[in-house]
Amino acid sequence: MSIISHAPAGDGIAPNFTDYDGERAGFSWADVERELGEAPGGCNIAYYAVDRHVDGALREKCAFRFVGQNESDRGALVTENLTFAEFGSRVRRFTNVLRNLGVGKGDRVFVVTGRIPELYVATLGALRNGCVVSPLFSAFGPEPLATRIRLGDGQLLVTTDTLYRRRVTKIRDDVPSLRHVLVVGDSARDAPSSGTVDFATAMSEVDDVADITPTCRDDPALLHFTSGTTGTPKGAIHVHGAVATHFATGRYALDLHPSDIFWCTADPGWVTGTSYGVITPLLHGVTSVVDTAEFDAERWYRILDEQAVTVWYTAPTAIRMLMKAGPDLARKHSLTRLRFVASVGEPLNPDAVRWGRDVLGHPVHDNWWQTETGGIMIANTPGFDIKPGSMGRPLPGVDARIVTPPRSDGERTGDVAVIDDPDVEGELALRRGWPSMFRGYLNNEARYRQCFSGDWYLSGDLAKRDADGYFWFVGRADDVIKSAGHLIGPFEVENTLMQHPAVAEAGVIGVPDATVGEIVKAFVSVKSGWTPDETLRRELLAHARTELGAAVAPKTIEFVDVLPHTRSGKVMRRLLKARELGLPEGDTSTLETDE
Ligand code: ATP
Ligand code: MG
C-alpha cells in the first residue's frame, strides 16, 4: 500500500498534535468544552463564534472576505471584507430585528440567499437569539423550498429580492407557518407585501446592543437536510453543544491556526458549508474566503492565488473537475501559500490525492462524515501519513468501528456486533454520544431509531478498517450490487475506471438480471481530448477486467457527457438506476441543474 507523507507545514507552523492513539492521548470532550469556556447562560454557538472575539484581540481582524464578480484596477477580483467587530455588530442587530418581529427561542428561521454577507449575519444572529436555523440552497425551486420550510415549521425566511419574486411569491400561501419574510436587495423596498420586510431597513431601525439568548447544550440550533443521494432528504436536528465538535475538528482535521486564510468551498445549504464554511472558522478566529459565484476552474485557481488561501476544504467532484481542466491552468497561478488541502462528501480516488500533491503542491486529505454526525469523524489528519484511497482514522474523541452489516435485504436481527479483525467489510458505526450527534430526523422518529443499535450509531455506509486503523470506504449499504453471489461496492469499480487516463468520472449501478441477480453497468464521462467511441469502450472494459476480474468488472459501459450530481456534489446513482430501468425518478429536489 502506498503512503504519502504529510509535507511539513510551509509557514513553519507545526500541526497541533502529534499523537492521538490509545485513549486519544488524554483527549476528552470535557477538556474541549473547558477550553471554550462557558457562554452566558450556558452554551450558545454564537457566543463562541462571535461574541467572545469582538471585544478581544480579533476585533479588527477580517472575519470574511466575500469574493465578487468585478475586478479592481489591478486586475484582482474585488472582495467585500467584514471584520469580526463589524460582523458582530450586524449579528447583534439581526438579533434585535428578530426580537422586534416576535421571533424567539426555538422558532425556525430559514435562509435562502446564496453566499452573501446577509446569510452569515442571519445565521449567527438567529443562533444568538436561540432560534433554530436552516440555510437552504438558493438554487432550489419553489417546491423543494416549500416542502422543507413546511416540514421545519418555518416562521421566518430571509431571502433576496430576485428569489422572492421567482420563488417565494409562489409558495407563500402553501406555508402558513411563515409569518415573516425578510428580503435583501435594492428593489425589495419597492415591492412590499404583507408580512414582507426589507432587510436593510429593518437592520437600520435597530441598534446593535442585544443580550445573547441563553441556550443549553441540548437546545436545538440547526436543521440540516441530507443530500438526498439515496432517497428523499431527511431533516437532521443539531444542538448548540455541537460546537465542541466544530472546534476540535477545526484543529485536528483541518489544522486551523490563527494566521490561516481558510476557504471551504461548500454552500451552507449543505451541512459542510455551515459547519465548516460558517461556524468552525469563526470559532478559530481565522479569516474565511467566501466565493459568491459557482464553480469555475480558472476562477477557483485565481481565488486560491489572489486570496493567498492557506487551508482549503473542498469536495472530490471539484477536484475531479480541476483534474479534467488539465494541469496547465494550475501552472498559471501561484499556489505557494497553500499549506493543507482536505476533501469530503464522496470517495476520493487515490489518483486525486496524488494529483493534489503534484499540481497543488499538497496531497488531498480525505475525511469522512455525514449530515447526521454534524462534523468530521474520520480523517487523514495533518502530520500523519496519508494512505491514498483511505478516509483516514477516527479523530480524537470519536470511537468508530466496523460492525456486522445488515442482511442483503436490508433487515437486521438483534444488536450489531463489533468486528475487530482488520480488513473485514461491515457497516461503519460510531459509539453514540459525540457532541455533534444529531438528535432526530424532523417528523420521523421511527427512521431516527433505526439508526441506532445498542451503543452504536449505524452510518449506512459499508467500510473496512485495516491493521493500522485506517478506514476504507466500500459503498453505501443501499448501493451495493449483488452479482452472481458477489457483493460489489460501486466505488471499487468507479475507482478502477478512473485510473484510466481517459475517464473523468464514473457512476456504477447494478441492473437486474435473471441469471446472476444484477449485472454491473458503468456510466462514464471522458476527459477533454478523448473520444467516447467503441474502441475506448472496449479498452475500458478490458482495463476493468484485468484490474478487477471478470466477476466484478462492468459488463456494459455507457458514455455520458455528465453524470447527475446532488447539489453537494455526489453522484446520484439511484437516478442513473431509475433512468436505466425506466422507473420514476423519485425525489430530485437536490439534483444539480444548470440554471
Ligand atoms: P442521503 O442521506 O439523503 O442519501 P447523503 O448521505 O449523501 O444523502 P450527506 O450527509 O451529505 O448526505 O452525505 C454523507 C454520505 O456521504 C456518507 O454517508 C457517505 O456515503 C458519503 N461520504 C462522505 N464523505 C465520504 C468520504 N470521504 N468517502 C466516501 N464517502 C463519503
Ligand atoms: Mg445519508
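Whatever order the structure lists ligands and atoms in, that order sets their numbers, starting from 1. Heavy atoms only: backbone and side chains are in, while hydrogens, waters and symmetry mates are out.
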Note the single closest protein heavy atom to atom 4 (O) of ligand 1, along with its residue, its atom name and the distance in Å. Thr230 OG1, 2.4 Å
Test: Arg432 cationic atom under 6.0 Å from Phe452 six-membered ring centre, within 45° of axis: yes
Is Leu348 in polar range of ligand 1, meaning some N or O pair under 3.5 Å apart? no
I need the nearest protein heavy-atom contact for atom 10 (O) of ligand 1: residue, atom name and distance, please. Thr371 OG1, 2.5 Å
Of the backbone atoms (N, CA, C, O) and the side-chain heavy atoms from C-beta on, which set of Gln370 has a member under 4.0 Å from an atom of ligand 1: side chain, backbone, both, or neither? both
What atoms of ligand 1 come closer than 4.0 angstrom to any heavy atom of Asn367? 24 (N), 26 (C), 27 (N)
What atoms of ligand 1 come within less than 4.0 Å of a heavy atom belonging to Gly345? 16 (O), 21 (C), 22 (N), 23 (C), 24 (N), 25 (C), 31 (C)
Quick one: are Leu575 and Leu591 in side-chain contact, heavy atoms under 4.5 Å? yes
Distance to 0.1 Å, residue and atom name: give those for the protein heavy atom nearest to atom 19 (C) of ligand 1. Asp461 OD2, 2.9 Å
Please determine which of Arg447, Gln450, Glu372 meets the side-chain hydrogen bond (donor to acceptor under 3.5 Å, both in side chains) test together with Tyr441. Glu372
A student checking ligand 1 against Val344 at a 4.0 Å heavy-atom cut-off should list atoms 24 (N)
With a 3.5 Å distance limit and no angle check, can you tell me whether Thr310 reaches the backbone of Arg339 through a side-chain donor-acceptor pair? no
Would you call Glu505-Lys527 a salt bridge at under 4.0 Å N-O? no
Among all protein non-hydrogen atoms, which one is nearest to atom 11 (O) of ligand 1, and what is the separation to 0.1 Å? Ser227 OG, 2.7 Å
Heteroatom distance test (Lys570, ligand 1): nitrogen or oxygen, under 3.5 angstrom: yes
Side-chain contact, heavy-atom cut-off 4.5 Å: Val520 with Val552? no
Look up atom CZ in Phe523 and atom CZ in Arg579, then write down how far apart they are to the nearest 0.5 Å. 9.5 Å
Would you find a donor on one side and an acceptor on the other, under 3.5 Å apart, between the side chain of Arg401 and the backbone of Arg465? no
Using modelled atom types and a 3.5 Å cut-off, is there a donor and acceptor pairing between side-chain atoms of Thr566 and backbone atoms of Ser568? yes
At the 4.0 Å heavy-atom cut-off, does Phe491 count as touching ligand 1? no
Check for me whether Arg431 meets the cation-pi criterion with Tyr457, that is, NZ or CZ under 6.0 Å from the six-membered ring centre and within 45 degrees of the ring axis. no
From the list Asn495, Asp479, Val474, side-chain contact (heavy atoms from CB on, under 4.5 Å) partner of Pro490 resolves to Asp479
Please report which non-hydrogen protein atom sits nearest to atom 26 (C) of ligand 1, along with the residue it belongs to and the distance in Å to one decimal place. Glu346 O, 3.4 Å
With heavy-atom distances below 4.0 Å as the criterion, list the atoms of ligand 1 near Lys234. 1 (P), 2 (O), 3 (O)
Salt bridge between Asp466 and Lys387, side-chain N to carboxylate O under 4.0 Å? yes
Using a 4.0 Å cutoff against the non-hydrogen atoms of Pro347, which atoms of ligand 1 qualify? 28 (N), 29 (C), 30 (N)
Mark up the atoms of ligand 1 that fall under 4.0 Å of a heavy atom belonging to Trp270, in ascending order. 11 (O)
Look only at interatomic distance and state if Ser459 has a nitrogen or oxygen under 3.5 Å from any nitrogen or oxygen of ligand 1. no
Identify, for atom 30 (N) of ligand 1, the protein heavy atom at the shortest distance, and state residue, atom and that distance. Phe473 CE1, 3.5 Å
Do me a favour and list the nearest non-hydrogen protein atom to atom 7 (O) of ligand 1 with residue, atom name and distance? Thr229 OG1, 2.4 Å
Write out the residue and atom name of the closest protein heavy atom to atom 6 (O) of ligand 1, then the distance separating them to 0.1 Å. Arg476 NH1, 2.9 Å
